[in-house]
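Some notes on the structure that comes next.
Bear in mind that the values here come from a model prediction, so they are computed numbers and not experimental data. Quick note on labels: first sequence line is chain A, next is B, and so on, each numbered from 1.
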2 protein chains.
Amino acid sequence: MVVNLKDIAQRAGVSLATVSNVVNGYRPVGERTRQRVQQAIDELGYSPNLGARHLRRGRTGLIALAIPELTNPYFAELAEIAISEAAALGYTLVMENTAADREAELALLDGSRQRIIDGLILSPVRIGREEVLARTAGSPLVLIGEGVYDVPHDHIAIDNVAASHAAIQHLVAIGRRRIAFIGATPGGDRQSAHLRVRGYREALAAAGLPYRPLLVAGTEAFGRLDGMRAMRDLLALGDPPDAVFGYNDLVAIGALRALAEAGHRVPEDVAVVGIDDIEEGRFTAPTLTTIAPDKREIGRVAVRRLVARIEGTEVAGPLTVQTPFRLLRRESTGTPDA
Amino acid sequence: MVVNLKDIAQRAGVSLATVSNVVNGYRPVGERTRQRVQQAIDELGYSPNLGARHLRRGRTGLIALAIPELTNPYFAELAEIAISEAAALGYTLVMENTAADREAELALLDGSRQRIIDGLILSPVRIGREEVLARTAGSPLVLIGEGVYDVPHDHIAIDNVAASHAAIQHLVAIGRRRIAFIGATPGGDRQSAHLRVRGYREALAAAGLPYRPLLVAGTEAFGRLDGMRAMRDLLALGDPPDAVFGYNDLVAIGALRALAEAGHRVPEDVAVVGIDDIEEGRFTAPTLTTIAPDKREIGRVAVRRLVARIEGTEVAGPLTVQTPFRLLRRESTGTPDA
DNA sequence: GCGCGGCTCTATAACGTTATACAGGTGATG
DNA sequence: CATCACCTGTATAACGTTATAGAGCCGCGC
């Protein structure tokens with residue numbers, strides 16, 4: 001049997017409204033009656049019907065986290081953090097899988113889906129500034145990752161150019177000169193790829209190294225398979241690279257596999273660096289040097305900002321938050337950290 | 001502005017109830033009026049308020065998938081499948097992370113959480129038959145994975161004993177004699193570990209090989225780190241194994257890492273097999289032989305069964321469904337499939 | 001011509017909650 | 001002693017939907 005407010009009210013001999021006030025403290029209740037009501041709640045085991053509450057309040061208590069692929073460990077780790085953070089704030093997080101599909105992202109931005117969620121955390125991949133600005137749905141939106149949008153929404157991300165720059169700088173520091181990049185997008189439609197290429201070029205220039213277009217490999221997607229294929233192509237060049245920087249850890253891990261298959265030693269012949277610090281990279285042979293974003297920070301700030309917007313709480317700080325990152329040196333660049 | 005049934009009714013010049021009937025076809029509506037209403041819906045862009053609908057219907061349209069860890073790629077892949085299957089059936093799937101915690105699993109089984117979801121798909125880890133039977137919450141429950149429960153709920157899983165047996169059989173077939181198992185639980189509290197050890201012992205016996213307790217390594221959890229540590233311990237034995245079967249792919253991948261660090265060749269010195277067929281295993285060096293469960297089938301059947309129970313539809317077949325699996329031979333056992 | 005069944009559509013009462021307006025009682029104040 | 005403000009608690013109207021009961025209309029059969 002399901003217990004509702006009316007049952008409690010009868011049991012405690014008070015009105016419906018009083019019970020409601022005890023439950024959510026909207027208005028003060030005398031100490032004696034409060035105790036009687038509380039006792040009735042405990043005895044009957046009441047928990048509010050969220051559907052009804054949400055109908056009345058106009059909110060559902062649900063927020064969505066939309067990511068391009070759950071099977072990318074980076075996003076799985078991020079989701080795990082966001083789920084627990086949301087739960088701590090009294091919200092339930094539902095995952096949306098956009099599959100890096102433009103239509104899916106657009107549908108989320110102003111779709112009917114919105115009727116059920118109070119707010120959306122979106123990791124956009126295929127859409128840009130215009131699409132975000134054209135958004136009609138009223139519920140709060142927080143963007144994570146990717147590029148620079150300059151839109152009236154919170155945006156949490158690392159500085160992609162600086163992160164890429166740091167990775168290349170490290171490769172230069174260990175003496176590499178022919179450094180390749182895997183994971184540029186032909187059409188330039190993934191902003192973060194564009195930014196990471198920019199950091200790559202800036203770092204090369206800063207080190208006085210030439211920019212060789214042949215060493216920049218485009219990929220269709222950003223998984224292990226893409227990295228492996230691109231690495232094979234690079235190895236087929238007359239003068240192959242002595243280092244590779246992957247768009248993310250998955251791509252870099254695919255490159256590791258291609259290098260192993262072709263009999264090249266890592267890092268002696270080719271050094272490899274990725275981005276994301278997924279756990280997998282701590283167990284590859286060799287272990288993978290990577291740029292580690294602060295996933296916990298990203299997940300927490302994104303959820304907190306969103307909830308603050310939903311509840312109309314004051315939010316401190318600028319719209320765009322750049323979260324810190326650091327370089328983790330492992331075997332794939334030959335110089336593991338202590 | 002948010003459009004509701006009343007707006008549509010006014011616009012189309014019909015009653016509220018008629019619009020509702022057009023929307024969800026509860027009762028027949030004349031062709032002419034249906035068209036007028038449909039046109040109004042299209043023009044004003046109506047989508048139902050799910051909170052209100054759910055309050056009225058007594059259902060929320062939400063189902064939960066509770067798994068021990070989202071960062072295990074096996075579960076991430078499974079979740080991706082379940083999410084899309086649920087969406088296809090008109091349900092929204094929310095993820096619950098039990099973190100392999102007994103209290104969390106119990107709370108899900110009969111907790112207040114239930115008020116918001118219509119049904120639960122649970123991958124139990126720390127609870128057994130009694131706890132499931134003691135469940136008080138009324139909403140449907142579907143179990144996935146793990147052991148044999150014999151409870152009045154649908155249960156989707158592979159035959160763990162047979163799967164384990166098949167893996168060992170393969171190792172025997174390629175000539176291995178000292179076969180270790182990594183991922184037994186000391187207390188025996190994870191049922192599937194128990195079953196996989198049983199399959200291991202049965203296969204050894206069938207091959208006329210002795211059961212050596214020293215070659216069965218327990219682990220705290222079932223991640224890469226656990227596998228790595230256990231493998232190190234096995235290598236420290238006076239007479240190390242010539243093959244290893246991991247509780248899952250993650251454990252096996254940890255073992256691969258330990259073997260590489262210690263300078264052992266795989267598969268020449270030690271062959272390695274896992275279970276789960278996570279994508280990662282197709283890119284390790286060497287690639288990982290594994291038992292591949294049919295994840296798509298598991299995810300689909302679990303969601304469909306649950307939805308059928310929720311909606312009171314007739315369900316064919318027995319409560320316990322054993323989904324198929326197959327052995328994928330890769331480099332870590334030296335005999336890749338064609 | 002009248003009654004009756006069948007077909008559309010309408011009016012309305014829930015579902016369980018929260019917020020508003022109001023009522024009753026008490027203590028302080030003029 | 002009357003008045004007023006305050007504090008607790010109550011009655012009730014929403015929120016947007018669906019399901020039930022019933023009303024109007026038309027055609028058919030006697």
Side-chain angles (χ1 to χ4, degrees), chain A residues 1-38 40-41 44-62 90 112 114-118 138 311-312, chain B residues 1-38 40-41 44-62 90 112 114-118 138-139 310-312:
Chain A
M1 191 213 66
V2 181
V3 187
N4 59 20
L5 275 190
K6 201 158 72 180
D7 300 328
I8 304 294
Q10 278 182 356
R11 172 84 158 217
V14 296
S15 81
L16 259 174
T18 302
V19 181
S20 173
N21 284 330
V22 169
V23 172
N24 54 48
Y26 168 64
R27 284 193 13 178
V29 175
E31 190 51 33
R32 281 183 54 84
T33 40
R34 142 163 280 118
Q35 283 184 2
R36 267 220 317 288
V37 171
Q38 189 58 54
I41 289 178
L44 296 182
Y46 167 76
S47 68
N49 177 319
L50 299 183
R53 168 176 288 178
H54 297 148
L55 169 60
R56 187 60 237 245
R57 285 192 179 160
R59 294 207 226 113
T60 64
L62 259 47
S112 47
Q114 292 290 1
R115 285 301 286 266
I116 204 185
I117 54 176
D118 293 339
E311 298 181 348
Chain B
M1 190 212 65
V2 182
V3 186
N4 58 20
L5 276 190
K6 201 158 71 180
D7 299 329
I8 303 294
Q10 278 182 357
R11 171 86 156 217
V14 297
S15 81
L16 257 174
T18 301
V19 181
S20 173
N21 284 330
V22 169
V23 171
N24 54 48
Y26 168 64
R27 287 202 5 186
V29 175
E31 191 49 35
R32 281 183 54 84
T33 41
R34 143 163 280 118
Q35 284 184 1
R36 267 219 319 287
V37 171
Q38 190 58 53
I41 289 177
L44 296 182
Y46 167 76
S47 69
N49 177 318
L50 298 183
R53 167 175 288 178
H54 297 149
L55 168 59
R56 185 61 238 243
R57 285 191 178 161
R59 294 206 227 112
T60 63
L62 261 46
S112 47
Q114 292 290 1
R115 284 304 284 266
I116 204 186
I117 54 175
D118 294 339
S139 66
I310 290 170
E311 298 180 348

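Scanning all heavy atoms of the two residues, the minimum distance from Val3(B) to Tyr46(B) falls at O-CD1, 3.5 Å. Residues Thr60(B) and His54(B) come closest through the heavy atom pair O-CE1, 2.5 Å. Looking at every heavy atom in both residues, Gly61(A) comes nearest to Asp118(A) through N-OD2, 2.7 Å. Closest heavy-atom contact between Gly13(A) and Arg36(A): O-NH2, 4.1 Å.
One can place CZ of Arg59(A) at 14 Å from C1' of dC15(D), the figure rounded to the nearest angstrom. Distance Leu55(B) CG to dT18(C) P: 12 Å, rounded to the nearest Å. Computed from coordinates, the Arg57(A) CZ to dT18(C) C1' distance equals 8 Å when rounded to whole Å. For the pair Lys6(B) NZ and dT17(D) P, the computed distance is 10 Å after rounding to whole Å. Rounded to an integer number of Å, the gap from Leu5(B) CG to dA19(D) P is 12 Å. If you measure from atom CZ of Arg53(A) to atom P of dG16(D), you get 18 Å, rounded to the nearest angstrom. For the pair Asn49(A) CG and dC15(C) C1', the computed distance is 8 Å after rounding to whole Å.
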How far apart are the C-alpha atoms of Asn21(B) and Val37(B), what are their side-chain angles, what is the distance that settles it, and do they pass the side-chain contact (heavy atoms from CB on, under 4.5 Å) test?
-> CA-CA 10 Å; Asn21(B) 284 330; Val37(B) 171; over 6 Å; no
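Contact annotation: side chain of Arg56(B) to base of dT18(D), donor-acceptor pair present below 3.5 Å.
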Show the distances under 3.5 angstrom between N or O atoms of the protein and N or O atoms of nucleotides 7-11 of chain D.
| unit_1 | atom_1 | unit_2 | atom_2 | d |
| --- | --- | --- | --- | --- |
| dG9(D) | OP1 | Thr33(A) | OG1 | 2.6 |
| dG9(D) | OP2 | Gly30(A) | N | 2.5 |
| dG9(D) | OP2 | Thr33(A) | OG1 | 3.1 |
| dG9(D) | N7 | Arg27(A) | NH2 | 3.3 |
| dG9(D) | O6 | Arg27(A) | NH1 | 3.4 |
| dG9(D) | O6 | Arg27(A) | NH2 | 2.0 |
| dT10(D) | OP2 | Ser15(A) | N | 2.9 |
| dT10(D) | OP2 | Ser15(A) | OG | 3.1 |
| dT10(D) | OP2 | Thr18(A) | OG1 | 2.6 |

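In terms of phosphate contacts, Ser20(B) brings no side-chain nitrogen or oxygen within less than 4.0 Å of OP1 or OP2 of dT17(D). Between Tyr46(A) and dG16(C) there is no side-chain polar atom (N or O) within less than 4.0 angstrom of OP1 or OP2. Between Asn4(A) and dC15(C) there is no side-chain polar atom (N or O) within less than 4.0 angstrom of OP1 or OP2.
In this structure, the side chain of Asn4(A) engages the main chain of Asp7(A) through a donor-acceptor pair within 3.5 Å.
The salt bridge (charged side-chain N to carboxylate O under 4.0 Å, His left out) analysis of residues 9-20 of chain A, with sequence neighbours excluded, yields the pairs Arg11(A)-Glu43(A).
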